[in-house]
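First up is the structure itself, then whatever we jot down about it.
When a residue number appears, it is its place in the shown sequence, counting from 1.
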Amino acid sequence: MDSGRKRSLKSRLAWFFLVRLPLAFVIVTVLWVTSLKWVPVIATPLMVQRAIEYRGDEDFHTHYRWRSLGKISPEMAKAVIASEDNRFMDHDGFDRIEIKKAIEDHRKKGKKLRGASTISQQTAKNVFCIPSRSMTRKVFEAYFTVLIEKIWGKERILEVYLNVAEMGKGIYGAEAAAQQHFGHSAAELTRRESCLITACLPNPLERNAAKPSDYIRKRASDIAALEPKLSFPDWL
């Protein structure tokens with residue numbers, strides 16, 4: 001009798017952890033992602049983390065204001081594609097060409113394994129994942145990347161990215177960056193201003209688009225020079 005109960009308990013636990021729990025996770029996350037196809041993102045885990053990190057800094061303030069893609073200068077969108085993800089419109093969320101290059105450089109040339117994350121992956125990480133460098137976070141990032149590619153599509157992914165990306169200390173999104181760095185709206189961003197903001201994205205806490213170093217100026221010029229060589233979607 002006891003052995004039968006134990007087997008029954010094990011079966012119920014196995015069913016719960018292997019079937020019901022994963023199924024519930026999928027249902028909840030799909031509904032979550034689907035809702036954000038139309039609803040603006042209120043906040044991200046990174047925003048919360050930064051607010052906690054700088055809670056003792058009286059000069060720290062969170063600047064974030066959602067803007068639809070139509071109210072953000074196309075120059076800003078083109079700049080981030082040119083800088084961050086040249087094949088944004090062609091891949092399914094994962095740039096396998098860049099991933100392969102990164103692995104080959106690491107194996108054959110002994111270079112440090114560099115990141116090859118796409119705008120889709122960065123968006124998934126920013127919106128749905130707790131900031132960390134763990135393998136668990138990378139797995140969730142990949143999962144949510146697949147979901148947003150399937151449910152949102154490229155236009156919505158780019159819109160969300162341009163609103164939630166960290167673009168300075170306490171500055172999130174193109175509208176906040178435009179206001180804080182250049183004193184006007186995201187709709188008025190010029191190509192040069194957009195490229196300066198984008199040049200700071202790899203390290204926005206240390207770089208300042210309003211007070212660019214020589215390196216940032218050159219990087220911005222390189223991004224601007226690359227743009228005419230790329231093709232962009234008609235909706236930009």
Side-chain angles (χ1 to χ4, degrees), residues 33-34 36-38 40-41 44 46 66-105 113-129 137-138 140-167 172-178 186-187 189-204 209 219-236:
V33 172
T34 301
L36 289 179
K37 183 174 182 177
W38 296 282
V41 177
T44 68
L46 180 61
W66 180 273
R67 286 289 182 265
S68 64
L69 191 60
K71 294 184 178 179
I72 298 174
S73 170
E75 295 295 347
M76 188 68 213
K78 292 176 181 179
V80 298
I81 291 175
S83 176
E84 302 289 293
D85 191 355
N86 293 176
R87 283 177 282 273
F88 175 65
M89 292 302 300
D90 301 322
H91 60 63
D92 60 357
F94 306 94
D95 190 339
R96 291 168 179 79
I97 295 175
E98 284 301 314
I99 292 172
K100 184 178 180 181
K101 285 181 181 179
I103 293 174
E104 288 179 350
D105 286 345
L113 190 61
R114 59 182 172 84
S117 64
T118 62
I119 286 175
S120 301
Q121 288 175 272
Q122 293 178 52
T123 303
K125 177 183 68 175
N126 285 338
V127 177
F128 300 104
C129 301
R137 192 271 295 166
K138 291 182 181 295
F140 280 112
E141 176 189 308
Y143 171 76
F144 281 107
T145 297
V146 173
L147 286 189
I148 64 175
E149 280 281 340
K150 297 295 184 182
I151 298 173
W152 289 1
K154 297 293 187 179
E155 188 171 356
R156 179 60 173 179
I157 290 171
L158 187 59
E159 180 177 56
V160 173
Y161 177 80
L162 289 173
N163 274 283
V164 303
E166 187 175 35
M167 297 182 175
Y172 305 95
E175 180 65 26
L189 283 170
T190 65
R191 175 172 295 185
R192 181 60 178 174
E193 291 169 344
S194 299
C195 289
L196 285 169
I197 293 172
T198 304
C200 296
L201 289 180
N203 193 356
R219 176 60 182 153
S221 297
D222 291 342
I223 294 170
L226 178 59
E227 286 186 28
K229 302 176 183 178
L230 303 176
S231 59
F232 297 100
D234 295 336
W235 39 263
L236 279 183

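- Counting heavy atoms of neighbouring residues, nucleotides and ligands inside a 6.0 Å radius, atom CZ of Phe140 does not exceed 12 of them.
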Would you tabulate the side-chain donor-acceptor contacts of residues 159-167 under 3.5 Å, counting partners in other chains and residues two or more places apart, or write 'none'?
{"unit_1": "Glu159", "atom_1": "OE1", "unit_2": "Arg156", "atom_2": "NH1", "d": "2.6"}
{"unit_1": "Glu159", "atom_1": "OE2", "unit_2": "Leu69", "atom_2": "N", "d": "2.7"}
{"unit_1": "Tyr161", "atom_1": "OH", "unit_2": "Gln122", "atom_2": "OE1", "d": "3.4"}
{"unit_1": "Asn163", "atom_1": "OD1", "unit_2": "Arg67", "atom_2": "N", "d": "2.7"}
{"unit_1": "Asn163", "atom_1": "ND2", "unit_2": "Arg67", "atom_2": "O", "d": "2.7"}
{"unit_1": "Asn163", "atom_1": "ND2", "unit_2": "Glu159", "atom_2": "O", "d": "2.8"}
{"unit_1": "Glu166", "atom_1": "OE1", "unit_2": "Arg50", "atom_2": "NH2", "d": "3.2"}
{"unit_1": "Glu166", "atom_1": "OE2", "unit_2": "Arg50", "atom_2": "NE", "d": "2.7"}

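- Residues satisfying the side-chain contact (heavy atoms from CB on, under 4.5 Å) criterion with Lys100, sequence neighbours excluded, are Glu104.
- Although no hydrogens or angles enter the test, the distance criterion places a donor-acceptor pair under 3.5 Å between the side chain of Lys37 and the main chain of Ile151.
- In this structure, Ser221 and Arg192 have side chains that are in contact, with non-hydrogen atoms separated by less than 4.5 Å.
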Checklist entry - How far apart are the C-alpha atoms of Phe94 and Ser120, what are their side-chain angles, what is the distance that settles it, and do they pass the side-chain contact (heavy atoms from CB on, under 4.5 Å) test? => result CA-CA 8 Å; Phe94 306 94; Ser120 301; over 6 Å; no

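- In this structure, Glu175 CD and Ser68 OG are separated by 10.0 Å, a value rounded to the nearest 0.5 Å.
- Sorted by first then second residue, the salt bridge (charged side-chain N to carboxylate O under 4.0 Å, His left out) pairs that include residues 142-154, not counting sequence neighbours, are Glu149-Lys154.
- With sequence neighbours left out, Glu84 forms a salt bridge (Lys or Arg N to Asp or Glu O under 4.0 Å) with no residue at all.
- By the side-chain contact (heavy atoms from CB on, under 4.5 Å) test, Ala124 pairs with Phe144, Thr145, Ile148, sequence neighbours left out.
- In this structure, Ala209 and Cys200 approach most closely via the heavy-atom pair N-SG, 3.6 Å.
- The NZ atom of Lys78 lies 13.0 Å from the CG atom of Leu226; values are rounded to the nearest 0.5 Å.
- Between atom CG of residue Asn86 and atom CD of residue Glu227 there is a gap of 10.5 Å, rounded to the nearest 0.5 Å.
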Mind listing the side-chain donor-acceptor pairs of residues 229-236 below 3.5 Å, one per line with the distance, residues two or more places apart or on another chain?
none

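- Of all heavy-atom pairs spanning Cys195 and Ala220, the tightest one is CB-O, 3.5 Å.
- The shortest side-chain heavy-atom distance between Leu158 and Phe88 falls under the 4.5 Å cut-off.
- Partners of Asp85 under the side chain to side chain donor-acceptor pair (under 3.5 Å) rule, at least two apart in sequence or in another chain, are His91.
- For the atom pair CD of Gln121 and CG of Asn126, the computed distance is 12.0 Å after rounding to the nearest 0.5 Å.
- Residue pairs satisfying the salt bridge (charged side-chain N to carboxylate O under 4.0 Å, His left out) criterion with at least one member in residues 119-128, sequence neighbours excluded, are absent.
- Annotation: the span from Thr190 atom OG1 to Glu75 atom CD amounts to 7.5 Å, rounded to 0.5 Å.
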Checklist entry - Do Phe128 and Val33 pass the side-chain contact (heavy atoms from CB on, under 4.5 Å) test, and can you show the C-alpha distance, the side-chain angles, and the key distance before you say yes or no? => result CA-CA 9 Å; Phe128 300 104; Val33 172; 3.8 Å; yes

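- Among residues two or more places apart in sequence or in another chain, the side chain to side chain donor-acceptor pair (under 3.5 Å) test is passed with Thr34 by none.
- For Ser83, the side-chain contact (heavy atoms from CB on, under 4.5 Å) test picks out Thr198, Arg219, Ile223, with sequence neighbours left out.
- Taking CH2 from Trp152 and CG from Leu36, the interatomic distance works out to 5.5 Å, rounded to the nearest 0.5 Å.
- Every residue meeting the side-chain contact (heavy atoms from CB on, under 4.5 Å) condition with Asp90, not counting sequence neighbours, appears here in chain and number order: Arg87.
- Considering all non-hydrogen atoms of both residues, Thr118 and Gly93 come closest at OG1-O, 2.7 Å.
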